[in-house]
**Student:** 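What follows is a single structure, and I will ask about it in a moment.
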Amino acid sequence: MRIIAKKTLREFWVKHSDSEQQLKSWFRETEKTSWKTLNDLKNDFPSASILKDNRIVFNVKGNNYRLIVKFNFDYQICWIRFIGTHAEYDKINANKI
């Protein structure tokens, strides 16, 4: 899976250092996968929440942070759409970001 863009995660963990190890772990795990469907993804990340348009919300660091990623399973690409605190997440429309 090709992930666009790690820079977004890196900039976030510089501000929130307690998220660094979990975000790096998520990146490595996702990068080596070849999920074909949302069900494949849910097998690896059962707590992930499925939104519209192949968007997925991952809880990071005990749900202190939220990561929204949009997947294109056919092309094996995912785009990081949002990473933020739980309070920041509550202020956005996760289905449209």
**Student:** For residues 1-13, pull every pair meeting salt bridge (charged side-chain N to carboxylate O under 4.0 Å, His left out), keeping only residues two or more places apart or in separate chains.
**Tutor:**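 Salt bridge (charged side-chain N to carboxylate O under 4.0 Å, His left out) check on residues 1-13 returns Lys7-Glu11.
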
**Student:** Between Trp79 and Phe82, is there shared hydrophobic-cluster membership here, with clusters defined by ILVMFWY side-chain heavy atoms closer than 4.5 Å?
**Tutor:**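 Different hydrophobic clusters.
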
**Student:** Do you know which two heavy atoms are closest between Asn59 and Ser47, and how far apart they sit?
**Tutor:**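 For Asn59 versus Ser47, the nearest heavy atoms are ND2-O, 4.0 Å.
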
**Student:** Is a donor on one side and an acceptor on the other found under 3.5 Å between the side chain of Asn72 and the backbone of Tyr75?
**Tutor:**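 Present.
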
**Student:** Honestly curious: do Trp13 and Val60 fall in one hydrophobic cluster under the side-chain, below-4.5 Å linking rule?
**Tutor:**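 Yes, it is one cluster - the side chains of Trp13 and Val60 are joined through contacts under 4.5 Å.
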
**Student:** To the nearest 0.5 angstrom, please state how far the CG atom of Leu9 sits from the CG atom of Leu67.
**Tutor:**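 The CG atom of Leu67 is 6.0 Å from CG of Leu9, to the nearest 0.5 Å.
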
**Student:** Considering only residues two or more places apart or on different chains, which pairs with a residue in residues 20-49 satisfy salt bridge (charged side-chain N to carboxylate O under 4.0 Å, His left out)?
**Tutor:**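 For residues 20-49: Glu20-Lys24.
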
**Student:** Start with the C-alpha gap between Ile56 and Leu38, add the side-chain angles, then the distance that decides, and say whether side chain to side chain contact (heavy atoms under 4.5 Å, CB included) holds.
**Tutor:** CA-CA 9 Å; Ile56 309 295; Leu38 290 172; 3.4 Å; yes

**Student:** Considering all heavy atoms of both residues, which atom of Ala5 and which atom of Ile80 are nearest to each other, and what is their separation?
**Tutor:**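 That would be O-CD1, 3.4 Å.
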
**Student:** Less than 4.5 Å apart, any side-chain heavy atom of Ile68 and any of Ile92?
**Tutor:**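 Yes, their side chains come closer than 4.5 Å.
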
**Student:** Quick test of your reading: applying side chain to side chain donor-acceptor pair (under 3.5 Å), list the pairs with at least one residue in residues 86-97, sequence neighbours left out, ordered by first then second residue.
**Tutor:**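 Qualifying pairs, neighbours excluded: Thr85-Glu88.
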
**Student:** Under a 4.5 Å cut-off applied to non-hydrogen side-chain atoms, are Ile83 and Leu23 in contact?
**Tutor:**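 Heavy-atom side-chain distance check passes, below 4.5 Å.
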
**Student:** Looking at Thr30 and Trp26, would you say the former's side chain and the latter's main chain have a donor-acceptor pair under 3.5 Å?
**Tutor:**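 Flag set: sc Thr30 to bb Trp26 pair under 3.5 Å.
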
**Student:** May I have all residue pairs that pass salt bridge (charged side-chain N to carboxylate O under 4.0 Å, His left out) and include part of residues 59-82, sequence neighbours excluded?
**Tutor:**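 Matches after skipping sequence neighbours: Asp53-Lys70.
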
**Student:** So which atom in Met1 and which in Ile77 form the shortest heavy-atom distance, rounded to 0.1 Å?
**Tutor:**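 Smallest heavy-atom distance, with atoms named: SD-N, 3.5 Å.
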
**Student:** Could you list the residues that satisfy side-chain hydrogen bond (donor to acceptor under 3.5 Å, both in side chains) with Asp18, not counting sequence neighbours?
**Tutor:**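 Here the qualifying residues are Tyr65.
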
**Student:** Has the side chain of Gln76 got a donor or acceptor atom that lies under 3.5 Å from a matching backbone atom of Phe71?
**Tutor:**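 No.
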
**Student:** Does Ser19 have any side-chain hydrogen bond (donor to acceptor under 3.5 Å, both in side chains) partners at least two apart in sequence or in another chain, and if so, which?
**Tutor:**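 Checked Ser19 against side-chain hydrogen bond (donor to acceptor under 3.5 Å, both in side chains); zero matches.
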
**Student:** Calculate, to the nearest 0.5 Å, the distance between atoms CZ and SG belonging to Phe73 and Cys78 respectively.
**Tutor:**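 Output value for this atom pair is 9.0 Å.
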
**Student:** Cluster question for you: counting only ILVMFWY and a side-chain heavy-atom cut-off of under 4.5 Å, with indirect links fine, are Val69 and Ile4 together?
**Tutor:**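 No.
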
